Each structure stands twice: as structure tokens, then as C-alpha cells.
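All values derive from a computational prediction rather than experimental measurement. In the text below, chain A, chain B and the rest are named by the order of the sequence lines, each starting its count at 1.
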Amino acid sequence: MPAEYDSSSIEAKWQKKWEEAKAFEVDLNKSKDPYYCLVMFPYPSGAKLHVGHWYMYSVPDSYSRFMKMQGKDVFHPMGFDAFGLPAENYAIKTGVHPNESIKENVDVMIEQFKRMGCMYDWSKSLNTSDPAYYRWTQWLFLKMFENDLAYKKEGDVNYCPGCKTVLANEQVWDGKCERCDSLVEQKPLTQWYWKTTKYSQRLLDGLEKIDWPEKTKMMQMNWIGKKQGINISYDIEESDDKIVCFTTRPDTNFGATFVVIAPEHEFAQKVAKDNKDVASYIEAAINKTELERQEEGRKKTGAFTGFYAINQLTKKKMPIWVSDFVLGGFGTGAVVGVPGHDVRDFEFAQEFDLEVIRVVVASDGDTSEITSIEQVQEAEGTMINSDFLDGMDIHEATQKIMDHMAEKGWGERITTYRLRDWTVSRQRYWGSLIPIVYDPDGKPHPVPEEHLPWLLPTDVEFKPTGTSPIAQSKELKERVEKIFGKGWTPEVDTMDTFVCSSFYQFRFLAEGNQKELVPKDIDKKWMPVDMYIGGPEHACMHLIYARFVTMALKDFGFVANAEPFQKLFHQGLITNKGAKMSKSKGNAVSPDDFVNKYGSDAFRLYMMFMGPFSEGGDWNDTGIKGVCRFAQKVYKIIVQNKKCEQSKELTTALNIAIKKATEDIERLHFNTAISALMEFMNVCDKQGGIDAESAKTFTKLLAPLAPHLAEELWESLGEKGFVINQKWPTYDPKLIKTDTITIAVQVNGKVRGEFEASVDISEADAITQAKELQNVAKFIEGDIKKEIYVKGKLVSLVV
RNA sequence: GCCGGAGUGGCGGAAUUGGUAGACGCGCACGACUCAAAAUCGUGUACCGCAAGGUGUGAGGGUUCGAUUCCCUCCUCCGGCACCA
């Protein structure tokens, strides 16, 4: 055995041995106790893996190794999300076809992952740009089409001028493109949509059954945005039309004094025909860009239509106004103005001098007229000036009035959602082609399954122009005419890459099977994913799409579970001076120097030791020496065989370490698990070495965290096979207990002393001994009012 | 504005149900080894104070014998939603 810990030769040696022995290949059929641990797969960009990647992938690998030692048949696959902009942009820049660059990048990344020492089963890897994979992306589209969940519609869509393609609602963050930060524009275009809205309620209900961070569930709930309210129908004086207003606060309807409709509203359009003021207001409002609208702030503008709606409750005439603060796309595009209890309505009323009525008593009992915005902001209280609702709490009143209006036929209870249908078409080359063809009349037809994979043509300049570059392909046109007949044309858009990643969890299990998406028995056995790990930025994108697609697939009868990911964990983000690491920003820190110098194991240990996995943090390498010293110390004590006799101290320390490491890794708190192992090593150091049995147990504890080093230790201890195949140690609770304990003594809540006592000391003895302590006696002159003994911990005296 | 999460030494962070705040590690200081440096090992290290002691977990209150932990008010940071009716 070499005297010094030489990480690079040890790591190369064990990576080779694992590979030769196919140590991490899983037989999906034979596994008895399946555990599917999945980490969100990466884009195979040309850049080398940075520190952020190591964090994201090496830590879940340690968790998977831990579960494997727990006796689970762990499936921990890795694949590549290869379609999409990073690969395509790289191709545009270099002129190399994405197909080739992707292949190269994937090979390089696999080598890097191997150097990390991950237990991926490479025999089951996948790549979304592979025809064997995207055949299923297209198959999914066909199933959505067959089941009426895919449709084509003209309407305003989000268009990113940077990426030159349409985006889904989820991909617009703060008005900007999630990928490239360009300001997103609204454009009227005909696009393919998937009906996510049909699943709004089920997407909400499903959240109750899955073990996800509350934060993420909350984000999805916000995104889906369920609202319950009532559509109140108002008659219009001197008109046969009606205006329907959506509100969640019908309790305040006795305070309604006007109605406001959106510029896009049908009635507004009608009025505009003979009313010049309204017409010009509408034109100006509709032509406003999002930016102009934002600059305007909350200042209210509007135009009076000259018409009045009748409030059935009060028989009051309410003027109907047009204003752009009412959104055409939300609710019914019309609101009833209750200026006393809604901030926007109040602002509007002030601007145009409309009547304000108080219908809720303020918390301080104030029932005076409402004249300031502060009075409006209060939301809770008791009803007033509201006829039969007077004296009721607003919540009770809400129910009462809804019943009343429904009974009279004035209104209809309604539930609305914020969630929109998913725009799946993209005007980009590098994606999965939508498997649709158009007949000579322009009617869409699905490409029959037998023609899948519907191959991406290669005779295309893939530079984006705003329309799909695939339209240039002669080959595709000819292919369509040959199969379907003269005058038939292909759909030339590709699918959002989030479609590719919405079902990959099933394809890992299919092992390339081209007959079914996933074999039924395998699906039943392995799904849902037991542990899914990835960043929180996907909360309202990938994680909603994957849930929606899985629910649809269950409805179609292809899979057994409606939820894809039973447990979800978000790793923290590793930043560099506060900014997310990325190649494009040029702030990615390479782990190579550290790995060369200290080894993959030490680097992995450091990633975990920095803090809880959920927290991430700003990159700083100052602490890496500490874990490196630890690895060296372990090597020195175990490999160089500093033997010593088994002792009570060692056994106790080891059992404490087992307990702590087990509990901490279970909740992915690797930092404290490692510190527990360090503490044990410090005890060994003091004892002058370690006994053979403890060394074996310790090596097992180290195995998930520093996999290569642990194998080397295992071998040096004369053991056969891989330590990673060993069973995780258990501790003996009896051995954790020591004979004596330290009891602290408090006087008036302040610690004044401590004493050693036997574990089974009685309460009376403990208190007596506590009082006898020199330093304590000093503080307890006079009457003792209270004596408290917390078993095995402390004595508290009050004087 | 609304909904989440978080604020602890010089730094990363510990403290699962209220029970000795600061584990573990970095850094720093001193010492040993060395001609010297690195590496390694040892000792110390929240703050104020010579000490006795006092003060300390974003700020201020409260409950309790005892609060980083529970309750109230406020501040700051991060994430999400937002003229959404």
C-alpha cells in the first residue's frame, strides 16, 4: 500500500473496476425492492461541467448510493435533454450540424460524469434528439390529438424576438423570455396548444397526495390560480344587451356604483360604432404596448359609454365605463365597481367623480363615509348599508348573497383558473417535428404511427427567422406528397423541448423499447419516481408539464399513476459572486483544478460539507482543505493500519456516528453526516488508531460520500467485492449511552455549574448534588422557590 | 400589495419534539518540527472585562424556571404572484 493518499490513481482504478464489473447495471425486471432516484437531466452543451453541475449531480449520486446500501434496488439513470436552443445556437455559431455536436458533447459529458464517479446505469441512457426517443415525443402528440387535447388556434401568443419563436406562458418571466431575457411581444399567430386547462382542478388536487416542498406546491397553486366567485348578469337600460361581471366579492354588491368593461369587450365594440369618444379610447388602449401600459402605472383612464346597468339589489342605475385596467382576458372582461372596498375601483371613482358607498364596517367601528385609500384597503369586517346582509360577517354574507342571486337568476356561481393552455409549437429547427400534415384544403391530419419517427429533415439552413426553417426542406415536402398525395403539405413547426422532458421518466424504464412507451409491468413496478431532484426554477414549467402529461397518459390507459414524482427535492443553487454560473456569463468555475489536486472524492465531500443540499451558496474554495485533510486522515488511520484494541470509547463513538450519519443522509443533510464522521475520526486519532471491525463499519459509512476512497479502504482491509454492495450498518442504542452524564445547573435561568452523575441518578439526588456545587451555592442564598429536574439534562433552581 | 422561505462568531454552518447557543470545518494566533518555508502535529479562538461577572441567535415586546425554537409588532434579504375583479 502506498504511504500517501493518491486520489487520482485510486479513483481511476475503481472507476475502471466498477465499469468492468457492470456494478451499477440494474435489471428492471428482477429488482425486488425498486427505488427510482432521478435527477433532472442536463443539456449537452459544449462546455465542460462546472462546479454547479458537480453539486447538482454528485450529491444525488451519494444519496442513491446510500439508498443502495439500505438494500434498495436503486435505479439512478442519466440522459441528455439534447433538443433545444443551446445546441442549436452553438450550431449556428460554429456551422456544425447539431446532430454531430450533440454526439460529441454527449460523449465528453459521459466521460466527465464517469470521472465524477457516479453510479449511473449507462446501458439505459437516452437522448431526446435521438429518433428512437423523439418517435415517442411525436407519438405523445398523436395521442393528445386523438384525445382532443391538442388543437390549433389563432390568437395572441408570446413571441420572443431573441429566440425568434413563440413561447408558452410559463416561459415568460416578468415579461421576459426565460431563456434569453428578451422582452416578449404579443403577436396574433396560429399555433398548436395542449389543453392543460382541462386538468386545472386535477393538477391542484394531485398536490395533496405528493411529498413535495410546500413552497413548490404553493407556487403551482399560485400558477394555476383557482378563484371561486359569481358571474352577475346586469340588464342595460335602453338596450337588449346584458353585461356579465365576474366577482369574488358579491357581498359588497350593495356598494356597487358603476360597471367597467375592457376595451376588447363586445359591448364596448358595439358602443364604439356610434360613439366617437369610446371608439378613440378603445383604439388608443388596444394599441398600447405592454411597456407603455407599465409606464402609465396605476393612473386610471376611461371613457363613459352613455349606458347604464341596473343593480337588481338596489335598482340603482350604474354608469358603464370602458377602461384598460379591466383585462379582456380575465374573467368576463367586465367588473362591477365597488369603490368603497376595492382599491382600483376607488381610484377609478376618484378620477371620474363616481359615488362611493361604505358597506363594510372598519375594524375600529368606523362607519363614516369613505374618503381615503387607506380606508379602502381593509378587507375584513361586518356588513352595513346592505339590507338583509347587515350585521353579517363578510364571509357569511358572500355565501348568502350568492345563494340569493343564484335563486333569483341574476347570477351563476363560477370557478376560474389562471392557468392557460400550453403553446407547444416552436418556429425552430432543432426539435421534435410536429407529426401533422395538411390536406389540400389546409385541414390538419395526424401522421399515422407507422411513419414514426417522423424524421427531422437535414436539407435545411437552421438559422431562425421567425418562421420555421423546416419550411425550406424539399425532402420533407416530397416525403409528404409521396405518402399522402399531391397538394398535401407538412407542419413545419417543432415542439417545445419541455414536451421532450415531460415523459422521459418513462423512457428510462423502457430501455429503448419501440413497441410501447413503457412496458406495463415495469411502469407498475417502478413508477412513480421515488425521489426526484432538480432546481426550483422548474416549479411552474417542467414540473407542471410533466404532471399534466402523466395525468393524460393515465387517462389514455398507457400508465398506471397520475403523478410522476412522488417525492421532490430542490437542491440549492451554487452561485459565483451572487450570480448563477453559466458559460454564457463567463462566470462558471471549473472543478478540474480542484479534482486534479484533491481528487473527485474530496471535491464531492466538499460540495456536501458546504451546507445543507437544499441551500446551495456562493462558491468559495477556502474550506476545501478541511475535507481534504479528513480524507487523508482516514487513509492514514485505516490503510496505514494504525491498529488499536477495540475500546468502549471507540464503540460508543462509532455507534453515535452511525446514528447521526443515517438520520442526516435520510434527510439529505450531508454536511452534518460528514461532520459526524469527522468527529469519529477525531476520536480514533485520540485513541491512537482504529480496530479492524470499526474500520470496516466506518468504511461503509464513508462509501456513499467518498465512493472511491471507501472501495480502496475496503480492499486494504482484506475484504472482497465492492463496499457499495454492502449493507448499511445499524447502531445499537444501548451502545450510545454512556455510564455517566453531565448535568447542567441553572439558577434563575442562568447556567452556574455542571456535574457528572450516573445515568440513573434520581431527581432528588440530582437536585441535592446541584445545590452542593460551590459555584451554585453562591447563587442560591435565600429561599428556593422552585426546583426543576429535566432527566439527564439539567437542574433548574429558582430563588 | 398578497403568498412562501430565511436572518446565528471573521467565514461556511450546527443545535428533529422549548433544556448548557456556536458541533464540524475554514481562517486566525501562539507553540513543536525545520537553516527556512510548505506540509504535519499540539494549544487557543462569540463579544466586553485583569478578574468576578456581564452581554449575546435581524430589532422591540410577550409567554415560561428556561426561548435560535412558541406568540405579537417591526426591519432586511431571497423566491413566487400581481391594475386577476
Does B:G60 fall in syn (glycosidic angle within 90° of 0) or anti?
anti
Carboxylate-amine/guanidinium proximity below 4.0 Å for A:K660 and A:E679
no
Whom does B:A14 pair with, Watson-Crick or G-U wobble, provided both distances fall under 3.5 Å?
none
When the P atoms of B:G10 and B:A23 are compared, how many Å lie between them, rounded to an integer?
14 Å
Please name the nucleotide paired to B:A46 by Watson-Crick or G-U wobble geometry with both distances under 3.5 Å, or report none.
B:U55
Just the rounded figure in Å: distance from C1' of B:C26 to CG of A:N620.
9 Å
Do A:T301 and A:Y281 pair up side chain to side chain, a donor and an acceptor below 3.5 Å, judged on atom types alone?
yes
Please classify the nucleic acid contact of A:P612 as base, sugar-phosphate, or nothing, using heavy-atom distances under 4.0 Å.
sugar-phosphate
Of the listed nucleotides B:A85, B:C24, B:U40, the one nearest the side chain of A:K227:
B:A85
What does B:C65 pair with, Watson-Crick or G-U, if both distances are under 3.5 Å?
B:G19
Base, sugar-phosphate, or nothing for A:T742, non-hydrogen atoms under 4.0 angstrom?
base
On the side chain of A:S796, is there an atom forming a donor-acceptor pair with the base of B:C65 - under 3.5 Å, no angle test?
yes
Classify the nucleic acid contact of A:V798 as base, sugar-phosphate or nothing, counting any heavy atom under 4.0 Å across all strands shown.
sugar-phosphate
Starting at atom CD1 of A:I743, determine the distance to atom C1' of B:G19, rounded to an integer number of angstrom.
12 Å
Mapping A:K793 and A:G333 onto RNA chain B by nearest heavy atom, which one lands closer to the 5' end?
A:K793
Any base atoms under 4.0 Å from A:K785, or only sugar-phosphate, or nothing? Heavy atoms, all strands.
nothing
Can you find a donor-acceptor N/O pair under 3.5 angstrom joining the side chain of A:E214 to the base of B:G5?
no
Assign each of A:W223 and A:V747 to its nearest nucleotide of RNA chain B by heavy atoms, then name whichever residue's nucleotide is nearer the 5' end.
A:V747
Atom OH of A:Y789 and atom P of B:C65: how far apart are they, to the nearest Å?
20 Å
Separation of B:C24 atom P from A:D664 atom CG, nearest Å, is 15 Å
Distance (rounded to the nearest 0.5 Å) between A:T248 OG1 and A:M402 CE
8.0 Å
I need the CZ-C1' distance between A:R752 and B:A52, as an integer number of Å.
11 Å
When the P atoms of B:A29 and B:A39 are considered, how many whole Å apart are they?
13 Å
Could you check whether A:D342 gets within reach of a base, just the sugar-phosphate, or nothing at all, counting any heavy atom under 4.0 Å?
nothing
Complementary nucleotide of B:C81, counting Watson-Crick and G-U pairs under 3.5 Å:
B:G1
Given the C1' atoms of B:G22 and B:U57, what is the spacing between them in whole Å?
9 Å
Would you check if the distance from the ring center of A:W321 to the ring center of A:F348 is below 6.0 Å?
yes
Below 4.0 angstrom from OP1 or OP2 of B:C26, is there any side-chain N or O of A:R629?
yes
Please name the nucleotide paired to B:U76 by Watson-Crick or G-U wobble geometry with both distances under 3.5 Å, or report none.
B:A6
When you compare B:U69 with B:A15, how far apart are their C1' atoms, in angstrom units rounded to a whole number?
10 Å
If I pick the C1' atom on B:G13 and the same atom on B:U17, what distance separates them, to the nearest angstrom?
23 Å
Within this structure, what is the CD1-to-C1' distance between A:I624 and B:C24, rounded to whole angstrom?
17 Å
If you draw a 6.0 Å radius around CD in A:E351, do more than 12 non-hydrogen atoms from other residues or ligands fall strictly inside?
yes
Are any of the side-chain heavy atoms of A:M608 and A:L705 separated by less than 4.5 Å?
yes
Tell me the interatomic distance from A:K215, atom NZ, to B:G4, atom C1', rounded to whole angstroms.
8 Å
Please determine if a side-chain N or O atom of A:K625 lies less than 4.0 Å away from the OP1 or OP2 oxygen of B:G25.
no
Pairwise P distance for B:A38 and B:A6, with rounding to whole Å:
43 Å
Out of B:G54, B:A85, B:U16, which nucleotide sits closest to the side chain of A:E663?
B:U16
Minimum-distance nucleotide (side-chain atoms of A:I788 versus B:G19, B:A14, B:C83):
B:G19
Using a heavy-atom cut-off of under 4.0 Å over every strand shown, decide if A:R667 touches base, sugar-phosphate, or nothing.
base
How far does the P atom of B:C30 sit from the matching atom of B:A37, given to the nearest Å?
12 Å
Given B:C81, B:C83, B:A85, which nucleotide is nearest the side-chain atoms of A:T247?
B:A85
Side-chain-base donor-acceptor pair under 3.5 Å for A:K300 and B:C83
yes
Decide whether A:S233 and A:N231 meet the rule of one side-chain donor and one side-chain acceptor closer than 3.5 Å.
no
Within the structure shown, what part of the strands sits under 4.0 Å from A:D618 by heavy-atom distance: base, sugar-phosphate, or nothing?
nothing
Which nucleotide, B:G19, B:G25, B:A39, lies nearest any side-chain atom of A:Q746?
B:G19
Should A:N682 be listed as having a side-chain N or O under 4.0 Å from OP1 or OP2 of B:G25?
yes
Ignoring the backbone of A:F609, work out which of B:A85, B:C81, B:C24 is nearest its side chain.
B:C24
Locate the shortest heavy-atom distance separating A:I394 from A:T398; write the atom from each residue and the value.
O-OG1, 2.6 Å
Can you figure out which of B:C65, B:G12, B:G13 approaches the side chain of A:K786 most closely?
B:C65
Proximity to the side chain of A:T672 - top-ranked nucleotide from B:U40, B:A23, B:U16:
B:A23
Determine the interatomic distance between P on B:G12 and the same-named atom on B:G58; round to the nearest Å.
14 Å
Taking A:K771 first and then A:E787, would you say they form a salt bridge - that is, a charged N and a carboxylate O separated by under 4.0 Å?
yes
Any strand, both distances under 3.5 Å, Watson-Crick or G-U wobble: B:A32 pairs with B:U40
Of the listed nucleotides B:C81, B:C3, B:C24, the one nearest the side chain of A:S675:
B:C24
For A:F670 and B:A23, what is the distance between atoms CZ and P respectively, to the nearest whole Å?
23 Å
Given B:G27, B:U20, B:G19, identify the nucleotide with an atom nearest to the side chain of A:V790.
B:G19
For A:E754, report the nucleic acid contact type (base, sugar-phosphate, nothing); a contact means any heavy atom under 4.0 Å.
base
Are A:R547 and A:W223 in a cation-pi contact, defined as NZ or CZ under 6.0 Å from the six-membered ring centre and within 45° of the axis?
no
